[in-house]
Amino acid sequence: MSTCRVHPPGPRPDDGLLARARALPTSILSDALARTGGVTGVLPVPGGRWPRVAGPALTVRTRPGDNLVVHRALDLARPGDVLVVDGGGALDRAVLGEIMARYAAARGLAALVVDGAVRDVEGLAAGALPVFARGVTHVGPYKDGPGEVGGAVQAGGTVVRAGDVVVGDADGVVVVPHERAAEVLADGEGLLRAEEAVFADIAAGTLDRSWVTAALTEVRVAP
């Protein structure tokens, strides 16, 4: 019998904070985090088109290519959680597919994020639950364990802890540390307003581009 270490649940961000997070693109949030916090290489599964999602992380560390503790995490999950699976980035075996995604949706999870491989891509892409993964393979998982639920994990080069705010959209996934969420969202909202002002200047033909030449020493090449 394998061991599954289960940590206490993480903090729960309030609904208002999550609504604010869903209003911000991951690119804006990344900038608000000094261009850190990205789960690098983990993207929406091919063909998936979902609205932006945000929720508290429920973390899982599993032996690469094994999904026994991922199944246990789904049973422990609370509605609104984003399941973040540290599968070691392994791509030789899928750690979840359409059956698990449908069960996760029935349990009320907000999204699945897998630093590893998934399968049943057509079914995942057509489903209601956003799924982000490092890769795809038809080869199924082992179910032997061991693993860990609720501890700190690594996904795409970023540390993720239970209760951190996970935001995903077409560009990928960003993780906002739970203790900094209010600060980062406020900064992101300011960046979004500034970006919208740039869009307005582009539309009006009044965009100031002087900063480009000011940042360069230009050397003209003779014809």
Side-chain angles (χ1 to χ4, degrees), residues 1-7 9-10 39 41-156 158 160-164 166-170 172-173 175:
M1 181 177 294
S2 290
T3 299
C4 177
R5 293 173 57 85
V6 179
H7 294 259
V39 181
V42 175
L43 298 170
V45 299
R49 297 289 184 271
W50 302 285
R52 189 174 301 116
V53 64
L58 173 61
T59 56
V60 183
R61 178 182 287 111
T62 184
R63 181 169 68 98
D66 191 289
N67 76 356
L68 180 58
V69 296
V70 182
H71 278 281
R72 182 59 182 143
L74 291 179
D75 289 337
L76 294 171
R78 292 176 286 180
D81 281 346
V82 175
L83 190 73
V84 179
V85 180
D86 178 354
L91 300 179
D92 56 331
R93 291 183 180 275
V95 297
L96 63 84
E98 186 176 4
I99 291 175
M100 294 177 74
R102 288 191 179 216
Y103 180 61
R107 294 275 299 158
L109 274 74
L112 304 173
V113 176
V114 180
D115 192 352
V118 297
R119 66 178 181 174
D120 306 325
V121 167
E122 290 184 359
L124 296 179
L129 189 71
V131 181
F132 303 82
R134 181 170 294 278
V136 173
T137 179
H138 57 81
V139 182
Y142 300 110
K143 298 185 185 298
D144 302 320
E148 188 170 358
V149 177
V153 302
Q154 183 276 141
T158 291
V160 189
R161 300 161 304 160
D164 286 346
V166 182
V167 182
D169 63 16
V173 178
V175 178

Inset, instruction - Please list, chain by chain and in numerical order, all residues satisfying side chain to side chain contact (heavy atoms under 4.5 Å, CB included) with Arg102, sequence neighbours excluded. - result: Glu98

Inset, instruction - Could you list the residues that satisfy salt bridge (charged side-chain N to carboxylate O under 4.0 Å, His left out) with Asp92, not counting sequence neighbours? - result: none

Inset, instruction - Over all heavy atoms of both residues, which pair between Val95 and Pro141 is shortest? Give the atoms and the distance, please. - result: CA-CB, 4.3 Å

Inset, instruction - May I ask you to check whether over 12 heavy atoms, not counting those of His138, lie within 6.0 Å of atom NE2? - result: no

Legend entry - Partner set under side chain to side chain contact (heavy atoms under 4.5 Å, CB included) for Asp169, not counting sequence neighbours: Pro25, Thr26, Arg52, Asp171

Legend entry - Residue pair Thr62 / Tyr142, side-chain heavy-atom distance below 4.5 Å: no

Legend entry - For Asp120, all residues meeting salt bridge (charged side-chain N to carboxylate O under 4.0 Å, His left out), sequence neighbours excluded: none

Legend entry - side-chain contact (heavy atoms from CB on, under 4.5 Å) evaluation trace for Lys143 with His71: CA-CA 9 Å; Lys143 298 185 185 298; His71 278 281; 3.3 Å; yes

Legend entry - Option among Leu112, Val118, Asn67 that satisfies the side chain to side chain contact (heavy atoms under 4.5 Å, CB included) test with Met100: Asn67

Legend entry - Closest contact, heavy atoms only, Cys4 versus Val149: SG-CG2, 3.9 Å

Inset, instruction - Not counting sequence neighbours, which residues clear side chain to side chain contact (heavy atoms under 4.5 Å, CB included) with Val60? List them please. - result: Val69, Val70, Ala73, Leu83, Val85

Using distance only, find each side-chain donor-acceptor pair of residues 127-136 under 3.5 Å and give its atom names and separation, not counting sequence neighbours.
residue, atom, partner, partner atom, Å
Arg134, NE, Asp115, OD1, 2.5
Arg134, NH2, Thr40, O, 2.8
Arg134, NH2, Asp115, OD1, 3.2

Inset, instruction - Compare every heavy atom of Gly48 with every heavy atom of Ala125, then report the nearest pair and how far apart it is. - result: CB-N, 3.7 Å

Legend entry - Exceeds 12 heavy-atom contacts within 6.0 angstrom, atom CZ of Arg5: no

Legend entry - Listed once per pair and sorted, the salt bridge (Lys or Arg N to Asp or Glu O under 4.0 Å) pairs that draw on residues 61-73, sequence neighbours left out: Arg61-Asp86, Arg61-Glu148, Arg63-Asp66, Arg63-Asp144

Legend entry - Sidechain-backbone polar pair: Thr3 side chain, Pro146 backbone, donor-acceptor under 3.5 Å: no

Legend entry - Check: Pro64 main-chain N/O paired with Arg93 side-chain donor or acceptor under 3.5 Å: no

Legend entry - Considering all heavy atoms, the nearest Pro46-Val121 contact: O-CG1, 3.4 Å

Legend entry - Partners meeting side chain to side chain contact (heavy atoms under 4.5 Å, CB included) with Ala77 (sequence neighbours left out): Leu58, Asp81, Leu109

Legend entry - Residue pair Ala155 / Val160: nearest heavy atoms and the distance that separates them: CB-CG2, 4.2 Å

Inset, instruction - Supply the atom-to-atom distance Leu96 CG to Leu124 CG, rounded to the nearest 0.5 angstrom. - result: 7.0 Å

Legend entry - Closest non-hydrogen atom pair, Gly150 against Ala162: O-CB, 3.7 Å

Inset, instruction - Report yes if the side chains of Val166 and Pro56 come closer than 4.5 Å at any heavy-atom pair, otherwise no. - result: no

Inset, instruction - Apply the test side-chain contact (heavy atoms from CB on, under 4.5 Å) to residues Thr137 and Leu91: give CA-CA distance (whole Å), side-chain angles for both, the deciding distance (0.1 Å), then the verdict. - result: CA-CA 7 Å; Thr137 179; Leu91 300 179; over 6 Å; no

